[in-house]
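Quick caveat: nothing in here was measured; it's all calculated off a predicted structure.
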Amino acid sequence: MTDQKVIKWLGMICIVAGIARMGMTPASLIWGTDSTQELTTGLIACILMSVGSIAFYQVQSRETGVTGFITILAIIIGNILTTAMLWSQFATGGADAAKPEGLLLNVSQMFGTIGFLGGTLVFMILTYLAKVFPRWVPALMLIMILAMFLPIADNKYFAFFWGLSYVGMGYCIWTKKLTNAASSSVSQLTYQMN
């Protein structure tokens, strides 16, 4: 399988991951926060996001450089840490059990949040400047970040916007709706995906 096909399929993984992440919002509204249904969709989304996120860097690696790689790595690590935290919730008895506590969990949450939020913020700016994705993609990322601050109990809608940004980026990769034809890496990617 060629690199371009791998990138394209990673884009599809991002679409599926985004849909799973978006599923956390209705699961939370129907069955409640930290319900088994919400945690299950979140766990699936985290695993898929950890795998698929590298595609966002690969399609614009020339434009974003080492900084883009570091930010995507931070996002992936944030997703991996979130996966571990969700899994620990299942391991201790699911949604009905007491939430796990301890220094390791607190440190993991802190690094996961810093990696995810910091990585996403910098990557959004790099994506905007790279001009590889359409302009609405960084706009979705900005909406996702702003959704973190909605004054809603348990921030039930944040997962929807998080998933929507992944669906948008994955869609652009899967359907080859990448701009900046002047970039040889993107042009080559688009040409070879046909």
Side-chain angles (χ1 to χ4, degrees), residues 1-28 38 40-64 68-69 71-76 78-80 82-83 115-117 119-148 150 156-194:
M1 186 178 288
T2 65
D3 290 345
Q4 291 73 27
K5 286 185 180 180
V6 170
I7 292 170
K8 184 176 179 180
W9 281 102
L10 286 172
M12 178 54 73
I13 288 172
C14 290
I15 293 171
V16 174
I19 292 169
R21 181 68 70 195
M22 291 168 69
M24 288 180 70
T25 297
S28 175
E38 182 192 22
T40 301
T41 57
L43 183 67
I44 292 167
C46 281
I47 292 168
L48 293 174
M49 286 177 167
S50 297
V51 172
S53 294
I54 193 68
F56 304 150
Y57 168 72
Q58 288 176 314
V59 296
Q60 57 184 355
S61 61
R62 184 173 174 188
E63 292 80 5
T64 60
F69 179 73
T71 57
I72 277 297
L73 193 59
I75 292 169
I76 290 171
N79 276 312
I80 290 170
T82 304
T83 303
F116 167 71
L117 184 57
T120 301
L121 184 60
V122 174
F123 192 72
M124 176 194 66
I125 294 166
L126 291 174
T127 298
Y128 179 81
L129 295 174
K131 298 178 184 174
V132 172
F133 285 99
R135 291 295 187 197
W136 56 267
V137 169
L140 284 177
M141 295 171 80
L142 178 61
I143 291 169
M144 173 193 63
I145 291 170
L146 295 175
M148 291 179 80
L150 289 175
K156 295 176 187 273
Y157 295 98
F158 169 68
F160 176 81
F161 293 109
W162 186 2
L164 187 62
S165 68
Y166 266 75
V167 169
M169 289 184 282
Y171 169 78
C172 289
I173 293 169
W174 178 257
T175 60
K176 299 170 270 178
K177 301 225 184 266
L178 302 172
T179 58
N180 194 9
S183 169
S184 61
S185 62
V186 174
S187 297
Q188 183 181 12
L189 171 70
T190 304
Y191 174 75
Q192 292 182 357
M193 285 178 136
N194 288 329

If only side-chain N and O atoms count, and only distance matters, is there a donor-acceptor pair under 3.5 Å linking Tyr166 with Ser53? yes
Just wondering, do [Y] and [X] contact through their side chains at under 4.5 Å, heavy atoms?
X	Y	result
Met169	Thr127	no
Thr40	Ile44	yes
Pro134	Tyr171	no
Trp9	Trp174	yes
Leu10	Ile173	no
Leu73	Tyr57	no

For Phe158 and Leu150, what are the C-alpha separation, side-chain angles and deciding distance, and is it a side chain to side chain contact (heavy atoms under 4.5 Å, CB included)? CA-CA 8 Å; Phe158 169 68; Leu150 289 175; over 6 Å; no
[atom1] of [X] to [atom2] of [Y]: how many Å apart, nearest 0.5 Å?
X	Y	atom1	atom2	value
Thr175	Lys8	OG1	NZ	9.0 Å
Glu63	Leu126	CD	CG	11.0 Å
Thr82	Ile47	OG1	CD1	11.5 Å
Lys176	Ile7	NZ	CD1	13.0 Å
Ile75	Phe56	CD1	CZ	8.0 Å
Ser61	Ile54	OG	CD1	9.5 Å

Non-hydrogen atoms of [X] and [Y] that approach each other most closely:
X	Y	answer
Met24	Ala159	CB-CB, 3.7 Å
Ser50	Thr83	OG-OG1, 4.2 Å
Met49	Asn79	CB-ND2, 3.6 Å
Leu48	Ala17	CB-CB, 3.4 Å
Thr64	Ala130	CG2-CB, 4.1 Å
Cys172	Val137	SG-CG2, 3.8 Å

Under 3.5 Å donor-acceptor, [X] side chain and [Y] backbone:
X	Y	result
Thr179	Lys131	yes
Thr120	Leu117	no
Thr25	Phe160	yes
Arg21	Leu164	no

How are the rings of Phe116 and Trp162 set to each other: parallel, tilted or perpendicular (split at 30° and 60°)? tilted
Worked verdict on Val122 versus Ile125 for side chain to side chain contact (heavy atoms under 4.5 Å, CB included): CA-CA 5 Å; Val122 174; Ile125 294 166; 5.8 Å; no
